[in-house]
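Structure first, commentary second.
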Amino acid sequence: MSHDNHGHSAHAHEHSHEHHHEESFLTKYVFSMDHKVIARQFLITAVIMALVGMVMSTLFRLQLAWPGQKFWLVEFLLGDKWGKDGILDPNMYLALVTIHGTIMVFFLLTGGLSGTFANLLIPYQVGARDMASGFLNMLSFWFFLASSVIMLLSLFVEGGPASAGWTVYPPLSALPQAIPGSGLGMTLWLLSMTIFVVSALLGGLNYIITVFNMRTKGMSMTRLPLTIWAFLITAILGVLSFPVLVSAVVLLLMDRTFGTSFYLSDIYIGGQALEQSGGSPILYQHLFWFLGHPEVYIVLLPALGIASEVIATNARKPIFGYRAMIGSMLAIGFLSFIVWGHHMFITGMNPFLGSVFVFTTLLIAIPSAVKAFNYITTLWKGNLKLTPAMLFAIGLVSTFVTGGVTGIILADSALDVPVHDTYFVVAHFHIVMGLSAVLGMFAGVYHWFPKLFLRQMNKKLGYLHFWTTFISAYGVFFPQHFLGLAGVPRRYYTNTDFPMFDHLVDINILVSIFAFIGAVAQFIFVFNFFYSIFRGPKSEQNPWHSNSLEWTTPMAHTHGNWPGALPVVKRWAYDYSKPGKQLDYVPQTVPLEEGEVDGGAH
């Protein structure tokens with residue numbers, strides 16, 4: 001017996017042994033080490049966090065559209081202290097903007113997206129029984145949950161949650177006495193993010209080791225689905241960049257509590273000079289954005305990987321330029337580490353250094369364009385199946401291109417300076433990063449719902465969800481470009497104090513109305529999601545006629561994924577509509593015929 005087979009039968013024995021032990025509710029659903037359960041835990045936590053973040057944006061959009069007007073919802077949700085007489089308190093406004101950004105970037109798009117789909121798909125698609133370390137994987141989720149809870153708890157402390165913007169620049173974040181949100185709320189923000197990074201590192205190391213070491217027989221690197229390449233590169237980016245954020249946070253905590261002055265220069269508060277001096281808040285910006293720019297791709301790459309899989313499956317065509325896609329993801333990953341300075345063009349940076357960052361930032365447009373081109377070429381003349389997942393994936397390509405175009409403007413220092421910190425920037429990053437990643441995440445949920453919960457979601461509600469989300473999202477963010485070009489600054493409590501913005505009031509109202517429609521649309525999804533978990537029609541084994549390995553496992557959640565031996569891979573994952581084949585898909589386990597060429601090999 002070969003070592004491999006021996007390993008399989010040993011595992012099968014362990015597996016059958018497991019059946020003799022009744023798993024309790026706690027070990028099966030709460031402290032589970034099964035990658036599928038952990039994926040579901042990440043997803044449900046992220047959905048709840050996203051709802052909190054969305055309600056926050058609804059509150060501050062009310063203030064921006066109708067400043068100073070009374071809304072019962074504001075008082076109902078925030079109470080007398082922060083929403084007295086239905087009017088949003090200015091300090092709470094800034095806190096809501098801060099926590100909305102933090103939740104959406106870290107808890108929905110980073111933890112929610114990677115945590116859900118890397119956990120679900122890596123063992124399935126590489127043909128492994130689970131992650132390399134189930135225990136560390138479980139810890140990764142529990143750290144994620146703990147950091148989510150701490151972030152939510154910060155909403156209830158005296159002084160309110162952190163309110164220095166999601167980037168928490170010093171001195172607002174370094175001086176507890178600066179504003180109400182600089183006190184305990186800020187400390188909890190820093191604690192939450194440190195725990196979040198621990199979760200991200202545990203998850204990331206597990207993903208990398210699983211992809212490199214636990215691929216089944218025949219699964220070479222050039223036969224991996226693009227989702228796995230995307231998760232792998234994302235995990236590497238996270239492992240390299242998140243520790244830098246932790247170092248920035250540790251120095252910030254020292255400034256806050258031990259009287260050091262890494263980020264504090266000469267500062268006067270209430271006419272009194274503070275003791276700290278000699279530091280520079282610019283140092284914090286360098287450290288933050290060294291993480292911050294890879295973070296854009298930590299969020300985007302998993303969504304792009306999901307789109308590759310969904311588009312190829314539903315276009316019934318091989319993905320165009322498989323190797324170019326891998327190359328472009330590697331190039332994006334590398335370049336994302338040498339572009340952070342473009343966030344700091346107005347910090348007094350040496351113009352020569354600025355021009356270097358302009359050059360490297362513009363370079364990143366090339367691999368991004370390759371990806372967009374390859375998606376469009378894959379769609380071209382495909383036999384398109386417009387499932388809700390496919391619509392969301394196509395929507396992602398649309399926002400990725402739209403947001404990328406405005407990125408070229410912001411990459412150029414001469415063009416960036418006039419629109420810096422205006423709504424132009426808000427519109428750009430919401431479209432290219434926030435919206436694209438969210439659309440990718442929705443595509444993933446609709447596509448892999450059968451693997452997550454063994455049932456199907458309601459298609460009609462899915463279409464309704466897509467169209468209302470897609471139209472309202474453009475309704476929110478497209479007009480914001482014009483607000484930015486007119487000079488309207490972001491994060492201001494009200495713009496009506498500045499007469500030069502009076503003619504833009506109607507645009508702000510329009511943006512807010514679309515934001516409310518978009519928010520309502522998400523409740524359609526939430527209803528469909530939770531209803532389908534319990535009442536959706538049961539799914540067949542391979543409902544989309546897909547090639548990748550996850551669809552070869554039985555429609556039952558058993559630990560170990562495959563009841564017998566692990567599958568053996570014979571071809572790449574994108575053999576759709578191959579000439580001479582009876583069916584328009586060929587699973588990866590079907591052997592190559594004589595003279596047949598493996599798609600991933602060229």
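The model shown is predicted, which means the values in this text are computed figures rather than measured ones.
- Side-chain atoms of S199 never come within 3.5 Å of backbone atoms of F143 as a donor-acceptor pair (strictly under, hydrogens ignored).
- At a threshold of 4.5 Å between non-hydrogen side-chain atoms, the residues W340 and L291 do not count as touching.
- Side-chain atoms of Y322 come within 3.5 Å of backbone atoms of T222 as a donor-acceptor pair (strictly under, hydrogens ignored).
- Defined by atom type and a distance below 3.5 Å, a donor-acceptor pair is present between the side-chain atoms of T399 and S436.
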Checklist entry - Would V590 and K570 count as a side-chain contact (heavy atoms from CB on, under 4.5 Å) if you check the C-alpha gap in whole Å, the side-chain angles of each, and the deciding distance to 0.1 Å? => result CA-CA 6 Å; V590 175; K570 313 279 190 183; over 6 Å; no

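- Of all the heavy atoms in E596 and P591, the pair that sits closest is OE1-O, 4.4 Å.
- With ring centers used as reference points, Y585 lies 6.0 Å or more from Y576.
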Checklist entry - Between L301 and L237, does a side-chain contact (heavy atoms from CB on, under 4.5 Å) hold up when you go through it step by step? => result CA-CA 10 Å; L301 284 177; L237 294 187; 4.2 Å; yes

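- Within the 4.5 Å cutoff, the side chain of N542 has no heavy atoms near those of the M555 side chain.
- A side-chain donor-acceptor contact under 3.5 Å links E295 and T110.
- To the nearest 0.5 angstrom, F334 atom CZ is 10.5 Å from I364 atom CD1.
- A side-chain donor-acceptor contact under 3.5 Å links T552 and W562.
- The side-chain heavy atoms of V526 and L51, taken from C-beta on, include a pair separated by under 4.5 Å.
- With a 4.5 Å cut-off on side-chain heavy atoms, I306 and L113 count as touching.
- Counting non-hydrogen atoms of other residues, nucleotides and ligands closer than 6.0 Å to CZ of F135 gives a total of 12 or fewer.
- Checking side-chain atoms of T45 against main-chain N and O of L145 turns up no donor-acceptor pair under 3.5 Å.
- At a threshold of 4.5 Å between non-hydrogen side-chain atoms, the residues W544 and H447 count as touching.
- The shortest side-chain heavy-atom distance between M151 and F106 does not fall under the 4.5 Å cut-off.
- With Y124 as the aromatic partner, K451 meets the cation-pi criteria of under 6.0 angstrom to the ring centre and within 45 degrees of the ring axis.
- Two residues are said to be in side-chain contact when any heavy atoms from C-beta on lie closer than 4.5 Å; S241 and V244 fail this criterion.
- With no hydrogens or angles considered, a side-chain donor-acceptor pair links H559 and D130 at under 3.5 Å.
- Side-chain contact annotation: N561 with H35, donor-acceptor N/O pair under 3.5 Å present.
- With hydrogens and angles ignored, the 3.5 Å screen pairs a side-chain donor or acceptor of T216 with a backbone N or O of P567.
- For R215, the salt bridge (Lys or Arg N to Asp or Glu O under 4.0 Å) test picks out no residue, with sequence neighbours left out.
- Aromatic ring centres of F231 and F117 lie farther apart than the 6.0 Å criterion allows.
- Taken to the nearest 0.5 Å, the CE atom of M49 stands 9.0 Å off from the OG1 atom of T102.
- Under the 4.0 Å criterion applied to side-chain N and carboxylate O atoms, E593 and K581 are assigned as salt-bridge partners.
- Y574 and T313 share no side-chain donor-acceptor pair at under 3.5 Å.
- Between the side chain of S548 and the backbone N or O of E550, no donor-acceptor pair lies under 3.5 Å.
- Here the two rings, on F453 and F529, have centers that are under 6.0 Å apart.
- Side-chain contact, N119 with K36: no donor N or O sits under 3.5 Å from an acceptor N or O.
- Going from atom CE of M433 over to atom CG of L109 covers 6.0 Å, rounded to the nearest 0.5 Å.
- Side chain of T210 to backbone of A132: a donor-acceptor contact under 3.5 angstrom is found.
- Outside the 6.0 Å centre-distance limit, the rings of W380 and F320 are not counted as a close aromatic pair.
- For F470 and Y474, the gap between ring centers is short of 6.0 Å.
- A side-chain donor-acceptor contact under 3.5 Å links S577 to the backbone of R316.
- Put simply, the side chain of S539 never gets that close to the backbone of R455: no donor and acceptor are under 3.5 Å apart.
- Between F392 and Y446, the angle of the ring planes stays under 30°, which puts this pair in the parallel group of the 30/60° scheme.
- A donor-acceptor contact shorter than 3.5 Å is absent between the side chain of R571 and the backbone of G599.
- The environment of CZ in F530 is crowded: more than 12 heavy-atom neighbours from other residues, nucleotides or ligands sit within 6.0 Å.
- Annotation: the span from L304 atom CG to T227 atom OG1 amounts to 12.0 Å, rounded to 0.5 Å.
- Separation of atoms CH2 (W142) and CD (Q41) is listed at 6.5 Å; rounding is to 0.5 Å.
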Next on the checklist: Please determine whether side-chain contact (heavy atoms from CB on, under 4.5 Å) holds for the pair I319 and E309, giving the CA-CA distance in whole Å, both sets of side-chain angles, and the decisive distance to 0.1 Å.
Outcome noted: CA-CA 8 Å; I319 193 84; E309 187 72 17; over 6 Å; no

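- Within the 3.5 Å criterion, the main-chain N or O of N458 finds a donor-acceptor partner in the side chain of N528.
- The shortest distance between side-chain heavy atoms of N137 and F141 does not fall below 4.5 Å.
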Checklist entry - Would S532 and Q456 count as a side chain to side chain donor-acceptor pair (under 3.5 Å) if you check the C-alpha gap in whole Å, the side-chain angles of each, and the deciding distance to 0.1 Å? => result CA-CA 7 Å; S532 303; Q456 291 275 11; over 6 Å; no

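- Between atom NE2 of residue H465 and atom CG of residue L391 there is a gap of 11.5 Å, rounded to the nearest 0.5 Å.
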Item to check | Verdict with reasoning, D598 to R223, per side-chain contact (heavy atoms from CB on, under 4.5 Å) | outcome: CA-CA 9 Å; D598 186 23; R223 282 176 173 169; 2.8 Å; yes

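- Checked against the 6.0 Å centroid threshold, H342 and F357 do not count as a close aromatic pair.
- Taking the six-membered ring wherever Trp is involved, the centroid distance between the rings of F107 and F196 falls below 6.0 Å.
- Remark: aromatic rings of W289 and H343 are close, center separation under 6.0 Å.
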